[in-house]
Structure formats: structure tokens, C-alpha cells
Participant: 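Dumping the structure here so I can ask a few things about it.
Both counts, for ligands and for their atoms, begin at 1 and track the order of listing.
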Amino acid sequence: MGNKTLLITGGAGFIGSHVVRLFVNKYPDYNIINLDKLTYAGNLQNLTDIEKNTNYTFVKGDITDGDFIQKLFQQYQFDGVIHLAAESHVDRSISNPMEFVYTNIIGTVTLLNAARSLWKDNTDGKRFYHISTDEVYGSLGEEGFFTEETAYDPRSPYSASKASSDHLVRAYFHTFGLPVVVSNCSNNYGPNHFPEKLIPLMINNIMTNKPLPVYGEGKNVRDWLYVVDHARAIDIIFHKGVNGETYNIGGYNEWKNIDLVHLLCKIMDKKLGRTPGTSAQLITYVKDRAGHDLRYAIDSTKLTAELGWKPSLQFEEGLEKTVDWYLANESWLKNITSGDYLKYYEQQYHNR
Ligand code: NAD
Ligand code: DAU
């Protein structure tokens, strides 16, 4: 592979930390720079196992700070960028859309500008890889899948900000010849997932015997992929993807929210030595999310056929691994669920 200096943004977050770990361990000749603002979602505890590796450097900073980003690109002379930094939670985008506009849109353009000016004379071997989401495609009915050709139809401030950033990345390819690649992935789950999101929130609430807040009737469907499989896809697309192309990533693993919560309750009753059916009694239907997308499902045929990626884990196996990780890392969860998280939880779920 040769030497490369790579910028990974958002590497202290959920998916980013798995991507950083994979690259630091798999590519000892690469120089990996993890740039993260350490918002509420960024946590360096996610990376303690690799933080001392000589091919790894952490830099604290904000992707919306143009001068800082230009200097960082000059200092490190990056060969590649894998851009994951974002505001990522739909519910927060409903209560505070502006943060999503700043980080997801302005932050992405700030990085594109820096890459463009650094690589203006030579783009050989350079690559800007933008990590996006299936939510940009909108909401499916009972049938069908999102393909790379599906028209964009974002419906939350989060997905609209991601859609906007995707368009800008592609515009820099067409207008300026910037070597870009984009992927759109379905819902991830696994270790280090912040407990504002469905699966870790339910695990945390089951562990602490709190109500399990299911939005609406629990009939919304998500397509779940183990986070390490997403990181593997990112590795393959970064190295083998074609400039200007988009790749959908998904697990062919659709679950209605209520069925998923019941499965989690069943797994956790067993692990916690509770009588079967105990945790399910905590299920509480609450007011629906505004503009709640009904169903996401990804067609990842292109990625499998052209680049040879396939998910490696069955869902039940991945979910058990995930629950085991949370049970073995209670201190990680406790550190996060004290302080600001309690305030967030109160605002989000009080009177719902
Ligand atoms: P996350 O919220 O767990 O992590 C985001 C990281 O970005 C955090 O470490 C945070 O500190 C950092 N960050 C936020 N604002 C920043 C800024 N202005 N400057 C620098 N760093 C900043 O998110 P995640 O779930 O790991 O998602 C990562 C990426 O993958 C996002 O772009 C998201 O849209 C995309 N994605 C997520 C999923 C999913 O299921 N979680 C699925 C598909 C795509
Ligand atoms: O599809 C990819 C997207 O998946 C990513 O782009 C986002 O960053 C990520 O947050 C995720 O978005 P979702 O909105 O699908 O994930 P979330 O975990 O917030 O919700 C999953 C489903 O569970 C959704 O239908 C809403 C529901 N839900 C969620 C929470 C937090 C509940 O019923 N109760 C809850 O308390």
C-alpha cells in the first residue's frame, strides 16, 4: 500500500473510532490523523487500545474552522481524507437544526476547500471519501430498496444537511475534478454506540430498569448493520472505489422497532438472569418522532458485485456481542450517562 498520510474526521465517535482502529492496526505504514472536536458524541475512551500506536495522532479541532483546517492540511500534506465528523442524531436535529447546518454542511465544504487547494497541482493517488447515510433517500413504503439511483428526498434537518453535503461533495468532483467517493450506509449498531440511539438506549434502560420508550406504534423499520462491517466496507471503498461513484452499504437486515426491542429484552433477560418476559414489561409507547421515516432498506448489490464486500455477521450474533460489550463496559456507559446526558434525556423524553 505504501506510505500515506490520512485524515479521518470524527474518529472519536461511534463509527469513526471503529474506522480509526481498523486503519491503525491494518496499515502500520500509514500515518493516521484523527481530527475530532470532541462534542458530546466524541469520546477518546473509545480508542484507548490504539492511542499509543506510533502511526496514530489525535488532533482536537473543529471542521468548520477554515483557517485551522487549511493549516492542518498544509502541516500534514494529507493524501486522503475519510470524512465522518457530523452531528448524527435525528432527534437533536429536530430540536436544534443549526448545529447540523454548521457541522454537516459548512464543515464538509471547509474540508473540500482545503483538499482542493492542497491537491490543486496533482490529484494522483489522492482521495476525499465522504461518509453519508441512507436517510438522504427519504422513506420507503412496505416494498422496495434504496439503490444508488434513488432520488434524494431527505425529510429531517439531519438528513437534509447530509443530503446537502453529499451534493456539495459531488459538485466538487464535477466542477473542480476533486477525486471524491461517497457511500450511503444504513443503521449501524455495535460497541461504543452513544446511548441516545435506539439500541444502546434500550440496553442502558433495560440494565437500569427504566421505561423503554418506543416511538409511535413501533412499526418503523430500520436495516441494521454491525459497525465493524461498515468499517470494513469503508476500507474497501477507500482503496478500491472509483472516483465520482457512490456505493450503498447495508445489511439486508430489516427489523420493525418493536420486534427489535422485544429481541433485545429476550437476550438481556437471559444475560441478566431475569425471568423471561421481565424486561419487556418496561416497554412504553411514547409520542412519535416528528416526520418519522417509516422504512429504510438498502440495496448493496453494487458494492458486493463491484468491490466484493459482504456483511460478515448475522444480526442475532452481532446483537449478542453488542449486549456483551455493554455489560462488560458499564463504566464507559456510566461516564456517558451522567451529567449532560441526563439533561438531554429529561428534555427529550419528559412528557412524551
Ligand atoms: P457520532 O455522533 O457517534 O460521532 C460524530 C463525531 O464527530 C463525534 O466524535 C464528534 O465529536 C465529531 N464532531 C462533531 N462535530 C464536529 C466538528 N464540528 N468538528 C470535528 N468533529 C466533530 O456519529 P456516528 O454515528 O459515528 O456517524 C459518523 C458518520 O457516519 C456521520 O457522518 C453519520 O452521518 C454517518 N452515518 C451514521 C450511521 C449510523 O447508523 N450511526 C449510518 C450511516 C451513516
Ligand atoms: O439510517 C442511518 C441513520 O441511522 C444514521 O444516518 C443516523 O446517524 C443514525 O442516528 C440512525 O438514524 P435513526 O433515526 O434511524 O436512528 P435512531 O437510533 O435514532 O432510531 C432508530 C429507530 O428507533 C427510529 O425509527 C426511531 C426509533 N426510536 C429511537 C429512539 C432513540 C424509538 O422508538 N425510541 C427511541 O428512544
Participant: Does NZ or CZ of Arg92 come closer than 6.0 Å to the centre of the six-membered ring of Tyr40, within 45° of the ring's axis?
Facilitator: yes
Participant: Scan residues 95-104 for pairs that pass side chain to side chain donor-acceptor pair (under 3.5 Å), counting only residues two or more places apart or in two chains.
Facilitator: Asn104-Ser161
Participant: Could you tell me the residue and atom name of the protein heavy atom closest to atom 20 (O) of ligand 2, and the distance to it rounded to 0.1 Å?
Facilitator: Arg289 NH2, 3.9 Å
Participant: What orientation do His18 and Phe14 show, parallel under 30°, tilted 30 to 60°, or perpendicular over 60°?
Facilitator: perpendicular
Participant: Please could you name the atoms of ligand 2 that Thr133 approaches to less than 4.0 Å, counting only its heavy atoms?
Facilitator: 1 (O), 2 (C), 3 (C), 5 (C), 6 (O)
Participant: Test of understanding: with ring pair (Phe, Tyr, Trp, His ring centres under 6.0 Å), list the residues that count as partners of Tyr344, not counting sequence neighbours.
Facilitator: none
Participant: Would you say ligand 2 has an N or O under 3.5 Å from any N or O of Glu196?
Facilitator: no
Participant: Please work out whether any backbone atom (N, CA, C, O) or any side-chain heavy atom from C-beta onward of Val90 is under 4.0 Å from ligand 2, and answer side chain, backbone, both or neither.
Facilitator: side chain
Participant: How does Asn257 reach ligand 2, if at all, at less than 4.0 Å between non-hydrogen atoms: by side chain, backbone, both, or neither?
Facilitator: side chain
Participant: Does NZ or CZ of Lys120 fall inside the cone over Phe176's six-membered ring, less than 6.0 Å from its centre and within 45° of the axis?
Facilitator: no
Participant: Answer with yes or no whether the side chains of Ser117 and Gln70 bring together a donor and an acceptor at under 3.5 Å.
Facilitator: yes
Participant: Heavy-atom cut-off of under 4.0 Å around ligand 1: list whichever protein residues fall inside it, by chain and number.
Facilitator: Gly10, Ala12, Gly13, Phe14, Ile15, Asp36, Lys37, Leu38, Thr39, Ala41, Gly42, Gly61, Asp62, Ile63, Leu84, Ala85, Ala86, Ser88, Thr103, Ile131, Ser132, Thr133, Tyr158, Lys162, Cys185, Ser186, Asn187, Asn188
Participant: Who's the nearest protein heavy-atom neighbour of atom 34 (N) of ligand 2, and how far?
Facilitator: Pro213 O, 2.8 Å
Participant: Can you find a pair of side-chain heavy atoms, one from Lys60 and one from Asp36, that are under 4.5 Å apart?
Facilitator: no
Participant: Would you mind telling me if ligand 2 is within reach of the side chain of Lys162, the backbone, both or neither, using heavy atoms under 4.0 Å?
Facilitator: neither
Participant: Can you find an N or O of Trp224 that's nearer than 3.5 Å to an N or O of ligand 2?
Facilitator: no
Participant: Suppose we screen for ring pair (Phe, Tyr, Trp, His ring centres under 6.0 Å). Which residues come up paired with His89, at least two apart in sequence or across chains?
Facilitator: none
Participant: With heavy atoms of His89 as the reference, note each atom of ligand 2 found under 4.0 Å away.
Facilitator: 19 (O)
Participant: Is the shortest distance from a heavy atom of His292 to ligand 2 less than 4.0 Å?
Facilitator: yes
Participant: State the atoms of ligand 2, each with its element, that fall below the 4.0 Å cut-off from a heavy-atom position in Val214.
Facilitator: 33 (O)
Participant: To the nearest 0.1 Å, how far is atom 13 (P) of ligand 2 from its closest protein heavy atom, and which atom is that?
Facilitator: Glu135 OE2, 3.4 Å
Participant: Evaluate Tyr215 for polar contact with ligand 2, using N/O atom pairs at a separation under 3.5 Å.
Facilitator: yes
Participant: Where's the contact between Lys197 and ligand 2, heavy-atom distance under 4.0 Å: side chain, backbone, both or neither?
Facilitator: both
Participant: What residue and heavy atom of the protein are closest to atom 36 (O) of ligand 2, and at what distance?
Facilitator: Tyr349 OH, 2.6 Å
Participant: So His239 and Tyr30, would you call those rings parallel, tilted or perpendicular, with 30° and 60° as cut-offs?
Facilitator: tilted
